[in-house]
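We count ligands from 1, going down the list as the structure has it; atoms in each ligand are counted the same way. Numbers for residues simply follow the sequence, beginning at 1. What you see is a predicted model, and the numbers here were worked out from it, not measured in a lab.
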Amino acid sequence: MYRGMDVLSALQFSRSDIEYLINLAEELRRRVESGERLELARGRILFTAFFEPSTRTRLSFQFAMAKLGGLTIDLGPEEATSMAKGESPEDTLRTVDSYNPDLIVVRHREPGFAARAAQICRAPVINAGDGYNEHPTQALLDVYTIWRVFGRVEGTRVGLMGDLKYGRTISSLSYTLSNFRDVEIHYISPRELQPREEVLKILDQRRVKYELHEKLDEVIEKLDVLYVTRLQKERMKPEEYERLKGSYIVSYDYLKKFKHIPIIMHPLPRVWELTTDVDSLPQAMYFEQAKNGLYIRMALIKTILGV
Ligand code: ASP
């Protein structure tokens with residue numbers, strides 16, 4: 001599976017693909033944690049091109065490649081490239097692809113950009129986020145995190161909260177969860193930030209059980225997972241951001257009112273929607289989640305490279 005393939009959308013993942021990657025991530029984790037130095041990707045080159053800011057995705061791909069014994073070359077900030085002279089990202093990628101990288105990871109603010117990059121480039125392309133559209137490898141690490149906590153994904157009740165309209169992790173995670181039997185998705189957001197039609201349509205086609213809520217109180221005690229997201233400030237009008245800022249906040253004081261507290265996940269970065277006093281709860285899983293990203297990305301790179 002996946003050898004030489006582009007990974008552009010979470011709609012590509014089947015349940016067996018996800019399980020394969022999770023098992024491989026677990027094996028690689030064991031080997032890395034036991035101190036083994038892996039040489040699986042020796043001589044291979046990963047190229048990372050982020051035309052939008054990133055901390056975890058970019059660095060965990062780079063760490064993942066290093067831990068597999070391979071090399072990464074990063075595009076660096078746009079200001080340091082010929083894009084500052086007006087060159088297009090397409091021409092930039094075409095040029096770098098001609099240097100023969102084994103794999104390209106790309107992020108761009110335009111929905112559909114990664115698919116376009118895949119048409120231009122000979123090397124396989126991984127979508128590390130294309131605007132509001134998708135972020136498939138984030139969804140892999142999210143599902144991996146749920147699996148590690150509960151030992152299964154089937155039958156889990158997952159609350160997705162916050163900016164469900166512009167947040168690309170929401171669409172990709174919804175698609176990924178749709179592979180698992182009896183999953184229930186609860187979308188919690190102000191009305192104007194409800195998930196996009198195209199996402200709900202796919203869930204309908206796949207017969208996934210989901211509900212829309214405006215208040216977390218209504219549903220929190222039913223949830224196994226509460227996945228909080230920030231407002232995607234960079235994708236909305238300033239007045240929309242000002243109006244919605246602070247419209248939902250998960251804090252320690254809020255959570256402690258409930259008898260049952262679900263595990264708390266967040267793709268990060270957090271801004272004001274998840275307060276730092278939640279970090280001390282055993283249910284806080286977001287830093288663990290970021291760590292899981294390293295191993296699932298190692299598994300994905302290994303699989304695409306066929307090493
Ligand atoms: N880091 C995630 C992303 O790139 C979540 C976010 O930025 O809110 O989509």
| said: Applying the side chain to side chain donor-acceptor pair (under 3.5 Å) criterion to Arg270, which one of Asp279, Thr229, Thr276, Thr275 satisfies it? | reply: Asp279
| Aromatic plane relationship, His213 with His186 - under 30° parallel, 30 to 60° tilted, over 60° perpendicular |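 Taking His213 first and then His186, their aromatic rings sit tilted (interplane angle of 30° to 60°).
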| task | Kindly assign one of parallel, tilted or perpendicular to the pair Tyr2 and Phe13, based on the angle between their ring planes and the thresholds 30° and 60°. | result | perpendicular
| When you check the gap from the basic side-chain N to the acidic O, do Lys259 and Glu221 get nearer than 4.0 Å? |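 Salt bridge: no.
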| task | Considering only NZ, NE, NH1 and NH2 on the basic side and carboxylate oxygens on the acidic side, decide whether Lys165 and Glu192 come within less than 4.0 Å. | result | no
| said: As a test of reading the model: which residues have a non-hydrogen atom less than 4.0 Å away from ligand 1? | reply: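 Residues Arg107, His135, Arg168, Thr169, Arg230, Gln232, Pro267, Leu268, Pro269 each place a heavy atom under 4.0 Å from ligand 1, listed by chain and number.
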| query | Checking Arg107 against Phe50: charged group under 6.0 Å from the ring centre and within 45 degrees of the axis? | reply | no
